[in-house]
Amino acid sequence: MKILGLFVLLVLIKGIEYFKRMYTYKKRIKTYQKHNCLTSDELLLFKETMSITKKQIILFETTISKSKVLMKIETKEKGLQSSKLLFDELMKHPKEMTELEQFLYIKLPGIVEATEKFIQIQNAQLSTSEIEKSKARVLETISSISASITDEYEEIIQEDSEDIYLTKKLIEGK
């Protein structure tokens, strides 16, 4: 009987902890929603999109780590690093989702697919002139998309710096 009582008490304590966490989580979501002026539909779309984006970035990172050639491209073009920074930017400014639709719906899924395809070809360990040409085309595509993602992040940084500069000029003008 004592064991049953302890078990019930433990379940009750864990239940209370769970509900406290859920209450805090929901409160944080509502605050985020209000702070960013998001409707419920916009918030839902944002959560779904960012969940997919996070999974794609993790897959992108995992795939890159499987190949020295892909790691070289990342070192040069910084596509993965820029993807993570764009993700952070979107978390801070969810209304920018429409401005970054190329990244979210074309570039990131495209580079993830291309890196996976490259690893698949590489792992097949077949080498013919046609296969080598295909690998070279895939690597060129990966490099190009990676550079494009970095360019997109650079554009955001440039816009932010221009906004800061204009604010400074307005303050100095007063």
Side-chain angles (χ1 to χ4, degrees), residues 25-26 28-124 130-170:
Y25 172 75
K26 286 182 180 187
R28 285 179 41 217
I29 293 294
K30 283 290 181 196
T31 302
Y32 182 85
Q33 181 179 8
K34 186 176 180 180
H35 175 75
N36 290 291
C37 304
L38 298 171
T39 66
S40 294
D41 289 342
E42 288 171 329
L43 181 64
L44 182 62
L45 175 64
F46 179 73
K47 286 167 86 175
E48 290 172 357
T49 301
M50 294 308 282
S51 175
I52 292 166
T53 302
K54 181 179 179 180
K55 289 174 186 172
Q56 288 174 331
I57 290 172
I58 290 168
L59 182 56
F60 184 24
E61 185 170 35
T62 303
T63 307
I64 285 176
S65 69
K66 294 177 182 178
S67 167
K68 289 181 182 178
V69 177
L70 294 177
M71 285 191 272
K72 277 185 182 178
I73 292 173
E74 174 56 25
T75 300
K76 181 182 177 203
E77 303 297 346
K78 306 284 188 219
L80 175 62
Q81 186 177 355
S82 296
S83 294
K84 290 177 178 181
L85 292 168
L86 286 169
F87 182 90
D88 291 343
E89 185 70 21
L90 281 167
M91 289 303 294
K92 292 175 192 166
H93 307 286
K95 291 283 188 174
E96 290 182 9
M97 245 176 67
T98 54
E99 294 172 30
L100 294 172
E101 65 187 1
Q102 287 282 314
F103 165 70
L104 290 169
Y105 304 115
I106 297 171
K107 294 176 186 178
L108 184 59
I111 200 165
V112 169
E113 182 180 343
T115 55
E116 287 182 309
K117 182 53 88 177
F118 177 78
I119 294 297
Q120 180 184 6
I121 294 169
Q122 182 178 306
N123 288 344
E130 288 302 312
I131 290 174
E132 291 306 314
K133 285 179 189 176
S134 293
K135 279 173 61 175
R137 279 194 306 266
V138 171
L139 286 173
E140 184 180 315
T141 300
I142 291 167
S143 184
S144 175
I145 296 171
S146 187
S148 177
I149 291 170
T150 300
D151 290 346
E152 200 159 346
Y153 180 69
E154 288 170 349
E155 285 176 28
I156 287 175
I157 296 304
Q158 187 175 4
E159 289 171 9
D160 288 350
S161 70
E162 288 172 6
D163 290 346
I164 292 168
Y165 178 75
L166 289 175
T167 301
K168 178 185 172 207
K169 285 296 185 185
L170 285 172

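For reference, positions follow the sequence shown, starting with 1.
Take K78 and apply the salt bridge (Lys or Arg N to Asp or Glu O under 4.0 Å) test, not counting sequence neighbours, and it matches no residue. Evaluation of the side chain to side chain donor-acceptor pair (under 3.5 Å) rule for K84 yields E61 as partners, not counting sequence neighbours. Looking at residues two or more places apart in sequence or on another chain, you find no salt bridge (Lys or Arg N to Asp or Glu O under 4.0 Å) involving E155. Listed by chain and number, the residues in a salt bridge (Lys or Arg N to Asp or Glu O under 4.0 Å) with E132 are K135 (sequence neighbours excluded).
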In residues 142-149, what donor-acceptor pairs under 3.5 Å come from side-chain atoms, sequence neighbours left out?
{"residue": "S143", "atom": "OG", "partner": "E77", "partner atom": "OE2", "Å": "3.4"}
{"residue": "S146", "atom": "OG", "partner": "G79", "partner atom": "N", "Å": "2.9"}
{"residue": "S148", "atom": "OG", "partner": "K107", "partner atom": "NZ", "Å": "2.8"}

Which pairs of donor and acceptor atoms, one on a side chain in residues 30-37, lie under 3.5 Å apart (sequence neighbours left out)?
{"residue": "T31", "atom": "OG1", "partner": "K27", "partner atom": "O", "Å": "2.9"}
{"residue": "Y32", "atom": "OH", "partner": "M91", "partner atom": "O", "Å": "2.5"}
{"residue": "Q33", "atom": "NE2", "partner": "L38", "partner atom": "O", "Å": "3.1"}
{"residue": "N36", "atom": "ND2", "partner": "Y32", "partner atom": "O", "Å": "3.0"}

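A distance of 11.5 Å separates CG in L108 from OG in S82, rounded to the nearest 0.5 Å. We find the OH-CD1 distance between Y105 and I52 to be 8.0 Å, quoted to the nearest 0.5 Å. Between atom CD of residue Q122 and atom NZ of residue K68 there is a gap of 10.5 Å, rounded to the nearest 0.5 Å. Distance OG1/T62 to CD1/I57: 11.5 Å, rounded to 0.5 Å. Summarising the geometry, atom NZ belonging to K54 is positioned 14.5 Å from atom CG belonging to L90; distances are rounded to the nearest 0.5 Å. The CD1 atom of I106 lies 12.0 Å from the CG atom of L100; values are rounded to the nearest 0.5 Å.
Between L70 and T63, the closest heavy-atom pair is CD1-O, 3.9 Å. Closest heavy-atom contact between V138 and A114: CG1-O, 3.4 Å. When all heavy atoms of E99 and E152 are compared, the pair lying nearest together is O-OE2, 4.1 Å.
Side-chain atoms of T75 come within 3.5 Å of backbone atoms of M71 as a donor-acceptor pair (strictly under, hydrogens ignored). Listed for the T115 side chain is a donor-acceptor partner under 3.5 Å among the backbone atoms of V112. Distance alone, capped at 3.5 Å, places no donor-acceptor pair between the T49 side chain and the F46 backbone. Distance alone, capped at 3.5 Å, places no donor-acceptor pair between the E42 side chain and the K95 backbone.
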Should M97 and L45 be marked as a side-chain contact (heavy atoms from CB on, under 4.5 Å) after you check the CA-CA gap, both sets of side-chain angles, and the distance that decides it? CA-CA 10 Å; M97 245 176 67; L45 175 64; 3.9 Å; yes
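Counting non-hydrogen atoms of neighbouring residues, nucleotides and ligands closer than 6.0 angstrom, the CD atom of E96 exceeds 12 such neighbours.
Taking 4.0 Å as the cut-off between side-chain N and carboxylate O, E130 and K133 count as a salt-bridged pair.
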